[in-house]
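All values derive from a computational prediction rather than experimental measurement. Residue numbering restarts at 1 for every chain, and letters A, B, ... go by the order of the sequence lines.
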Amino acid sequence: MGVYRTHYSKELSDKYDGKEVTVAGWVEDIRNLGSIAFIILRDRQGTLQITTFKKQHREIFEKLINLNRESVISVKGVCKANEKVRNGYEIIPEELQILSESDAPLPLGVVDKVKAEMDTRLDNRFIDLRKSEVRSIFMIRDVLINSARDYLRKNGFVEVHTPKIIASASEGGTNLFRLKYFEKDAFLAQSPQLYKQMLMASGLDRVYEIAWYFRAEEHNTRRHLNESTAIDIEMAFIKDEEDVMSVLEGLVKHICEEIKERCKDEIETLNVEIKPPEIPVPRIRYDEALQMLEKEGVELEWGEDFGSEEERILGEIMRRKGVDFYFITKYPIQAKPFYTMPEGGLSKSFDLCCKGVEISSGSQRIHDYNLLVRRIEENGLKPDDFRDYLKAFKYGMPPHGGFGLGIERLLMQLLNLKNVRECILFPRDRTRLRP
RNA sequence: GCCCCGGUGGUGUAGCGGUUAUCAUACGGGCCUGUCGAGCCCGUGACUCGGGUUCAAAUCCCGACCGGGGCGCCA
């Protein structure tokens, strides 16, 4: 037998009727009726049926019906069109190679009639991923990331990679994972914020980074991970945060369009609708958002950031207007990090929300050295801790801004998934460190 | 950091002081030439751990371990 596979399941068509093909994959199910048996074989694209008769090929028949489910095999045989088969074709096997025998029972059923819990699924993620609805999420994730790259490159952004092992607690706010760096203490980066800003003093003008970030927060919710990925951008010579927002909305629109176009099967498998946002996506000023919430009976003191409940209600209000994506802009300066450009008591900032969940936040940044030092102090932080960062503001720093977009959050909201852990292959959360 | 909730066969569950510990699915065996959630018959298989209360604990109490979710914070 020369090759293990000449065709994937979905490639079978009438032109192969009566022809010899070789297929390979996992044995999803064996239905043995005594003298005839049906083997459902699964590959990356779907499933196909192998039909074998005891009288015709006794040896192959016996081998096939005695396999454990999820064994890996390669079968050479004749493809036959047959309308009794679900996808229209069956393979009559003439040669069988058992490439890997599976143990039984499975720790997690691939097509069992009982649903497994997330914990069991994650403990056996490699099996979980054999399910088409699970695999679809990661096929879409691939398109999401690559379409983001397309879009950003076409718009003059340069891909960069900044350190994930850093010397000091960068932004304040979240807790960082501490680690030993030879004789020094170090931390895992919570975001590329300070580095991508420093790069604005380099003349690269537009940079983006797709990378991992680490947050040592002890939360245990369906929206949080301790290790997650993000698309970050930073751009110089902007007139205000609107320039950044238009990149973000264009990016999200492009991502949605690409997914819609290139992931039709996966979208169908997941039974979701991908609606690319209309540009410009609505801008809701923080003050307006407060009023909208007040009408719904939610009282919030001016200056407070929205909690998850408020975000959810705003999402509900927008959904009634048929809007999935919307910006919340002009937050009070105290609700935003120190590098955010102030504007009166407000800030040149924005959050992008999707269906009631914040998926991205950004702003115009402060590029004036003295103002930046003052804002660091006002936030109770020590300018000396930021000396490497601050230095970049002393020798020619153009006006700039950017955003961070959480990949898992975006994917979760696009696909209406209930748990962010669905969107990452091997999640790290409050309690999970393996596999 | 705070607050709720839960741990029963491989998987998912019922039971909530005295049961032969329920059911499904999976697994093993048998029958079956058109299955596609195949069907039918038979079988194997479980109370997280430690202490306590009680004549009696899966069941009540305490602790540990493991897990789920919410808040805060954020992506």
Side-chain angles (χ1 to χ4, degrees), chain A residues 28-41 47-56 61 65-66 68-70 80 82-88 90 92 102-124 127-128 171-175 190-193 211-232 304-312 335-337 351-354 357-362 403-413 418-421 423-424 429-433:
Chain A
E28 186 165 282
D29 203 6
I30 300 163
R31 290 191 274 273
N32 174 16
L33 276 67
S35 322
I36 183 171
F38 306 100
I39 285 82
I40 308 302
L41 190 73
T47 59
L48 55 82
Q49 178 169 296
I50 294 160
T51 305
T52 177
F53 300 88
K54 196 185 214 166
K55 276 193 215 157
Q56 211 174 9
F61 179 91
I65 62 165
N66 285 310
N68 283 332
R69 291 200 305 175
E70 296 304 318
K80 280 193 174 166
N82 188 334
E83 55 191 28
K84 285 185 221 163
V85 185
R86 179 164 288 164
N87 71 345
E90 61 188 350
I92 312 299
S102 172
D103 212 344
L106 297 163
L108 172 69
V110 178
V111 286
D112 286 3
K113 292 137 198 163
V114 288
K115 287 265 166 288
E117 289 194 351
M118 175 71 64
D119 203 41
T120 308
R121 292 175 45 205
L122 292 176
D123 281 341
N124 301 283
I127 297 181
D128 191 45
E171 299 176 47
T174 49
N175 291 314
Q190 66 167 110
S191 92
Q193 184 62 36
W212 289 100
Y213 302 105
F214 309 90
R215 300 188 180 189
E217 291 292 332
E218 298 194 36
H219 33 45
N220 185 4
T221 80
R222 63 174 90 162
R223 312 186 302 287
H224 290 93
L225 294 166
N226 293 287
E227 186 182 63
S228 69
T229 57
I231 301 168
D232 265 90
E304 260 185 282
D305 201 357
F306 305 115
S308 53
E309 179 64 7
E310 287 85 34
E311 281 182 7
R312 195 187 59 74
K336 287 290 163 186
D351 283 357
L352 179 66
C353 299
C354 176
V357 171
E358 181 189 330
I359 57 167
S360 173
S361 66
F403 61 79
L405 171 67
I407 292 172
E408 290 81 19
R409 281 271 177 99
L410 172 60
L411 196 54
M412 171 168 82
Q413 291 310 102
K418 292 183 286 299
N419 195 318
V420 72
R421 277 166 269 224
C423 300
I424 191 157
D429 61 29
R430 175 67 189 84
T431 52
R432 180 172 287 277
L433 193 52

Mind checking who B/A64 pairs with, Watson-Crick or G-U wobble, both distances under 3.5 Å?
B/U48

NA contact type, A/Phe53, heavy-atom cut-off 4.0 Å: base, sugar-phosphate, or nothing?
base

Is there a donor-acceptor contact under 3.5 Å from the side chain of A/Arg409 to the main chain of A/Arg223?
yes

note: A/Arg430, atom CZ; B/C2, atom P; distance rounded to Å ~ 11 Å

Quick note, A/Asp119 side chain, CB onward, closest among B/G67, B/G34, B/G72 is B/G67

Can you tell me the Watson-Crick or wobble partner of B/C27, both distances under 3.5 angstrom?
B/G43

Determine the Euclidean distance between corresponding P atoms of B/A14 and B/C40; express it in Å to zero decimal places.
24 Å

Pairing partner of B/C36 (Watson-Crick or G-U wobble, both distances under 3.5 Å)
none

A/Asn32 atom CG is separated from B/G39 atom P, nearest whole Å, by 14 Å

Could you check which nucleotide pairs with B/U59 in any of the strands shown, counting Watson-Crick or G-U wobble with both distances under 3.5 Å?
none

Base, sugar-phosphate, or nothing: which does A/Asn68 touch, judged by heavy atoms less than 4.0 Å apart?
sugar-phosphate

State the pairing partner of B/U20; accept Watson-Crick or G-U wobble contacts with both distances under 3.5 Å, and report none otherwise.
none

Just how far, in rounded Å, is C1' of B/A75 from CD of A/Glu227?
14 Å

With a 3.5 Å cut-off and just heavy-atom distances, do the side chain of A/Lys55 and the base of B/U33 make a donor-acceptor pair?
yes

Rounded to the Å, how far apart are A/Glu358 CD and B/C74 P?
8 Å

Under 3.5 Å: donor-acceptor pair, side chain of A/Arg421, backbone of A/Leu122:
no

Integer-rounded Å distance: B/G67 P and A/Leu433 CG:
10 Å

I'd like to know if the side chain of A/Asn32 and the backbone of A/Ile65 have a donor-acceptor N/O pair within less than 3.5 Å.
no

Sidechain-backbone polar pair: A/Ser102 side chain, A/Arg69 backbone, donor-acceptor under 3.5 Å
yes

Under 3.5 Å, which N/O atoms of the protein pair with N/O atoms of nucleotides 5-11 of chain B?
from: B/G10; atom 1: O2'; to: A/Leu106; atom 2: O; distance (Å): 3.3

Before accepting this row, confirm whether a basic side-chain N of the pair A/Arg430/A/Glu218 lies closer than 4.0 Å to the acidic partner's carboxylate O.
yes

What I want to check is whether an N or O donor and acceptor connect the side chain of A/His224 with the base of B/C73 at under 3.5 Å.
yes

Could you measure between the two P atoms, the one in B/C3 and the one in B/C62, and give it in whole Å?
16 Å

To the nearest Å, how far apart are A/Ile30 CD1 and B/A38 P?
12 Å

Closest nucleotide of RNA chain B for A/Val85 versus for A/Asn419: which of these residues is on the 5' side?
A/Val85

Spacing of the P atoms in B/C31 and B/A24 (rounded, Å)
23 Å

Contacts of A/Arg409 and A/Arg121 projected onto RNA chain B by closest heavy atom; the upstream (5') one is A/Arg121

Under a 4.0 Å N-O cut-off, is there an ion pair linking A/Arg432 with A/Asp123?
yes

A/Arg86 vs B/G37: side-chain N/O to OP1/OP2 distance below 4.0 Å:
yes

Find the distance A/Leu33:CG to B/C31:P and express it as a whole number of Å.
13 Å

Taking only side-chain nitrogens and oxygens of A/Arg421, does any of them come within less than 4.0 Å of OP1 or OP2 of B/G68?
yes

Using a cut-off of 4.0 Å on non-hydrogen atoms, how would the nucleic acid contact of A/Glu218 be classed: base, sugar-phosphate, or nothing?
base

When all nucleic acid strands are considered with a 4.0 Å heavy-atom cut-off, which category describes A/Thr229: base, sugar-phosphate, or nothing?
nothing

Distance, P atom - from B/C42 to B/G50, rounded to whole angstrom:
37 Å

Given side chain to side chain contact (heavy atoms under 4.5 Å, CB included), test A/Glu408 with A/Leu411 step by step and report yes or no.
CA-CA 5 Å; A/Glu408 290 81 19; A/Leu411 196 54; 5.7 Å; no

A/Leu225 vs A/Ile424, side chain to side chain contact (heavy atoms under 4.5 Å, CB included): CA-CA, chis, key distance, verdict:
CA-CA 9 Å; A/Leu225 294 166; A/Ile424 191 157; 4.0 Å; yes

The nucleotide from B/G70, B/A26, B/U33 with an atom nearest the side chain of A/Arg69 is B/A26

Kindly point out which of B/C27, B/C71, B/G34 is positioned nearest to the side chain of A/Ala104?
B/C27

Tell me what A/Ser361 touches on the nucleic acid: a base, only sugar-phosphate, or nothing, going by heavy atoms under 4.0 Å.
sugar-phosphate

Check every strand shown and say whether A/Ile40 touches a base, only sugar-phosphate, or nothing at a heavy-atom separation below 4.0 Å.
nothing

B/A75 and B/C16, which share atom name C1', separated by this distance in whole Å:
42 Å

Is A/Thr431 near enough to B/G68 that one of its side-chain N or O atoms lies under 4.0 angstrom from OP1 or OP2?
yes

Categorize A/Glu90 for me: base, sugar-phosphate, or nothing, with a 4.0 angstrom heavy-atom threshold over every strand shown.
base

Look at A/Arg222 and B/C71 and indicate whether a side-chain polar atom (N or O) is within less than 4.0 Å of OP1 or OP2.
no

Can you tell me the base-pairing partner of B/G1? Count Watson-Crick or G-U wobble geometry only, both distances below 3.5 Å, and say none if there is no partner.
B/C71

For atom NZ of A/Lys84 and atom P of B/G34, their distance in whole Å:
8 Å

Check: A/Arg31 side chain, A/Phe38 main-chain N or O, donor-acceptor pair, under 3.5 Å:
no

If we take the C1' atom in both B/C66 and B/U20, what is their distance in whole Å?
31 Å

Would you check if the side chain of A/Gln413 reaches a backbone N or O of A/Leu410 as a donor-acceptor pair within less than 3.5 Å?
no

Closest to side chain of A/Phe38, choosing from B/U35, B/A75, B/C71
B/U35

Of the options B/G1, B/G28, B/G72, whose atoms approach the side-chain atoms of A/His219 most closely?
B/G72

Can you tell me, in whole Å, how much space there is between the C1' of B/G17 and that of B/C61?
13 Å

Are A/Gln49 and A/Thr51 linked by a side-chain donor-acceptor pair shorter than 3.5 Å?
yes

When the C1' atoms of B/C41 and B/C5 are compared, how many Å lie between them, rounded to an integer?
42 Å

Do A/Asn124 side-chain atoms and A/Ile127 backbone N/O form a donor-acceptor pair below 3.5 Å?
no

In terms of side-chain heavy atoms of A/Arg31, which of B/C36, B/A26, B/A75 is nearest?
B/C36

Sugar-phosphate, base or nothing in reach of A/Asn82, heavy atoms under 4.0 Å:
base

